Amino acid sequence: MALLGRLLPLALALALGPAGTPAGPARSPYQLVLQHSRLRGRQHGPNVCAVQKLIGTNKKYFTNCKQWYQRKICGKSTVISYECCPGYEKVPGEKGCPAALPLSNLYETLGVVGATTTQLYTDRTEKLRPEMEGPGSFTIFAPSNEAWSSLPAEVLDSLVSNVNIELLNALRYHMVDRRVLTDELKHGMALTSMYQNSNIQIHHYPNGIVTVNCARLLKADHHATNGVVHLIDKVISTVTNNIQQIIEIEDTFETLRAAVAASGLNTLLEGDGQYTLLAPTNEAFEKIPAETLNRILGDPEALRDLLNNHILKSAMCAEAIVAGLSLETLEGTTLEVGCSGDMLTINGKPIISNKDVLATNGVIHFIDELLIPDSAKTLFELAADSDVSTAIDLFRQAGLGSHLSGNERLTLLAPMNSVFKDGTPPINARTKNLLLNHMIKDQLASKYLYHGQTLDTLGGKKLRVFVYRNSLCIENSCIAAHDKRGRYGTLFTMDRVLTPPMGTVMDVLKGDNRFSMLVAAIQSAGLTETLNREGVYTVFAPTNEAFQALPRGELNKLMGNAKELANILKYHVGDEILVSGGIGALVRLKSLQGDKLEVSSKNNVVTVNKEPVAEVDIMATNGVVHAISSVLQPPANRPQERGDELADSALEIFKQASAFSRATQTSVKLAPVYQRLLERMKH
């Protein structure tokens with residue numbers, strides 16, 4: 001029995017939902033959070049809930065798992081307290097909250113749950129108390145005592161000075177003429193109130209918070225004989241205007257009003273739905289340059305994108321935000337909506353000046369800063385928020401700024417600032433031409449690029465796209481950040497300055513004095529035509545110093561044997577294009593000779609067969625050249641590996657001879673033969 005007594009509270013906590021209602025498969029977020037709070041409080045006895053209280057305030061929250069461990073609400077520290085779960089009360093001398101609250105009528109229940117001010121005002125009206133004490137089934141969203149005391153004095157005075165009209169109507173707006181429990185409170189629904197059938201807006205959020213006209217539900221599901229009481233943190237008032245109508249009557253929305261009319265979004269904002277409008281004030285529009293504002297206002301597509309970026313797809317009341325949330329706009333972008341103390345933040349900035357202006361089709365928050373999406377920006381404006389300011393300055397100095405601010409469809413390949421840590425190139429004709437080759441003639445998206453695709457530049461070059469396992473490169477330069485797609489142009493942030501190909505592999509080698517001995521060797525081996533024709537090659541090109549480091553006798557022997565020379569040189573040529581940005585921890589690249597090269601990159605140092613590469617990414621029209629300071633030896637030419645291969649061959653011969661001896665019953669002295677083979681291999 002003692003064990004049963006200890007297990008029973010846990011079983012009840014798991015089996016029952018809020019206020020003792022049976023748990024079912026479709027629990028609401030509020031019920032799940034309440035269940036978590038109940039489980040966290042079970043060590044203090046039955047029906048005890050753990051709540052988080054903001055330090056220095058009376059604000060309390062039932063806790064979910066994440067908040068329990070973070071112990072913060074809107075970045076502010078909380079303390080954990082333990083109190084009776086809704087619907088239960090303490091019994092002197094017993095642990096926890098073992099007793100259910102006494103079941104009485106709505107009027108009495110208001111006092112039981114601590115809504116004594118609501119009870120007092122109900123008593124002052126002539127009609128409402130008898131109704132709350134009589135037969136029927138009602139729901140009341142009862143403002144807490146603090147909610148009444150926080151009303152502006154003039155508002156409260158107007159209510160209590162006319163109790164049988166103003167106060168009665170206000171209280172009736174908090175009531176519904178049927179019993180509504182939290183499992184029925186769905187996100188975006190409207191309940192018909194007992195005041196002129198006016199709607200009450202309900203929002204039930206995934207974090208368990210429920211709002212009633214943006215007032216937070218503090219404690220719910222307090223049963224009465226003739227209904228149910230829900231305690232809320234604000235006095236709510238009727239909502240009559242839609243979002244568009246509020247824009248029309250607010251003086252601070254003069255510019256917004258004109259923008260909405262020009263974009264045609266007024267139909268959306270006055271229609272059905274539940275949206276959040278982050279409404280920019282006149283001040284917000286005044287903060288951006290007049291040239292930018294006039295450009296956007298004069299461009300219907302950019303204007304629509306701008307306004308859609310201020311509209312969230314669902315209604316989001318301030319009370320529902322207790323931590324950072326990623327919310328999608330009608331534009332398709334994501335905004336980080338969070339809070340810091342009592343302030344709401346957008347993308348980390350406290351730019352909301354007035355919150356929770358409720359409309360029939362959503363909620364409005366006033367903001368003092370414009371949220372311009374990338375899709376409404378020029379390339380210049382995209383770059384302002386990116387790590388490419390040095391490159392943009394170069395384009396401007398070279399007289400190419402008009403390409404970045406006009407309506408030309410372009411993709412800009414902009415090297416990141418760190419590329420220029422050692423300085424920028426002088427502005428001359430060569431630099432200008434190089435910059436023109438960083439502009440692609442079409443507005444692209446990196447996700448649609450494919451391996452082997454060619455791109456035309458404003459400088460007249462054709463650039464190739466290389467797709468590797470972990471990188472996407474255009475010639476020698478790889479994309480280092482997500483695309484920024486603007487109104488007409490797209491910005492690719494690149495990891496280095498792009499160098500367009502300037503001829504075939506042979507042209508590149510002939511044009512560089514470091515490779516004169518390699519060029520002679522290629523010609524002697526008959527490989528000139530191969531490296532001049534169309535193809536996809538990666539050439540690890542030994543410099544003159546690499547050849548000179550070979551023993552003179554070995555070098556002369558190699559240069560005098562065209563077949564062996566061709567074999568060695570083919571081992572230096574991979575059969576695909578591998579730029580340095582496409583090299584991961586290890587890439588095994590098949591050579592034209594047949595064996596594989598082991599290419600790796602670590603700490604920005606590329607190695608091939610563990611030999612460091614002196615210079616990477618010399619681009620050619622049919623491949624890429626990497627300069628190396630040693631001559632690579634194919635596996636069959638490496639002394640140790642060649643010896644191992646011959647030893648394996650000798651052992652195989654020995655095994656076959658042994659098998660023959662057994663099969664023919666002849667006596668053959670094979671061991672001395674095998675030993676002599678090994679001795680010969682040593683020499």
Side-chain angles (χ1 to χ4, degrees), residues 186-191 198-203 205 211-214 236-288 293-294 296-321 325-335 337 344 346-347 351-376 487:
K186 306 299 183 184
H187 190 71
M189 74 180 295
L191 294 175
S198 299
N199 283 341
I200 302 172
Q201 302 292 336
I202 303 296
H203 295 100
Y205 298 94
T211 61
V212 182
N213 281 16
C214 284
I236 61 175
S237 56
T238 56
V239 180
T240 57
N241 291 327
N242 59 45
I243 292 175
Q244 178 62 29
Q245 289 169 330
I246 294 173
I247 292 173
E248 293 289 344
I249 61 179
E250 284 286 344
D251 291 338
T252 191
F253 292 149
E254 182 182 355
T255 309
L256 175 62
R257 189 158 53 245
V260 169
S263 69
L265 279 175
N266 48 328
T267 303
L268 173 79
L269 298 179
E270 64 189 11
D272 295 333
Q274 284 291 307
Y275 302 107
T276 299
L277 174 63
L278 304 171
T281 61
N282 295 337
E283 179 186 350
F285 283 99
E286 290 165 2
K287 286 181 179 179
I288 67 172
L293 179 59
N294 292 333
I296 294 175
L297 292 177
D299 182 342
E301 185 172 334
L303 179 59
R304 193 173 184 88
D305 288 349
L306 171 71
L307 295 177
N308 279 337
N309 199 52
H310 290 76
I311 305 173
L312 303 180
K313 288 185 172 182
S314 62
M316 180 59 64
C317 296
E319 285 293 342
I321 301 169
L325 296 170
S326 295
L327 300 176
E328 190 175 359
T329 69
L330 292 188
E331 170 58 14
T333 58
T334 298
L335 299 178
V337 181
L344 286 187
I346 305 294
N347 295 337
I351 61 175
I352 293 180
S353 56
N354 188 13
K355 57 190 178 184
D356 287 346
V357 177
L358 203 62
T360 56
N361 57 349
V363 61
I364 299 176
H365 304 299
F366 295 29
I367 63 171
D368 292 333
E369 188 172 305
L370 213 56
L371 306 172
I372 305 177
D374 287 350
S375 59
R487 176 67 179 91

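Model, not experiment: these values are computed from the prediction.
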For [X] and [Y], indicate whether the former's side chain and the latter's backbone hold a donor-acceptor pair under 3.5 Å.
| X | Y | result |
| --- | --- | --- |
| D356 | A318 | yes |
| R487 | E301 | no |
| Y275 | I243 | no |

Walk me through whether L371 and I351 qualify under side-chain contact (heavy atoms from CB on, under 4.5 Å). CA-CA 10 Å; L371 306 172; I351 61 175; 4.0 Å; yes
Within this structure, what is the [atom1]-[atom2] distance for the pair [X] and [Y], rounded to the nearest 0.5 Å?
| X | Y | atom1 | atom2 | value |
| --- | --- | --- | --- | --- |
| I296 | F285 | CD1 | CZ | 9.0 Å |
| D305 | D374 | CG | CG | 10.5 Å |
| N308 | T329 | CG | OG1 | 7.0 Å |
| L277 | L330 | CG | CG | 10.0 Å |
| I247 | L265 | CD1 | CG | 9.0 Å |

Using 30° and 60° as the class boundaries, would you call the ring planes of F366 and F253 parallel, tilted or perpendicular? tilted
With Q274 as reference, evaluate H203, K313, H187 under the side-chain hydrogen bond (donor to acceptor under 3.5 Å, both in side chains) test and give the passing residue. H203
How about [X] and [Y]: does a side-chain donor come under 3.5 Å of a side-chain acceptor?
| X | Y | answer |
| --- | --- | --- |
| T252 | N282 | no |
| T333 | E328 | no |
| H310 | E331 | no |

N294 CG: over 12 foreign heavy atoms closer than 6.0 Å: yes
Pairing residues for E283 by the side-chain hydrogen bond (donor to acceptor under 3.5 Å, both in side chains) criterion, not counting sequence neighbours: none
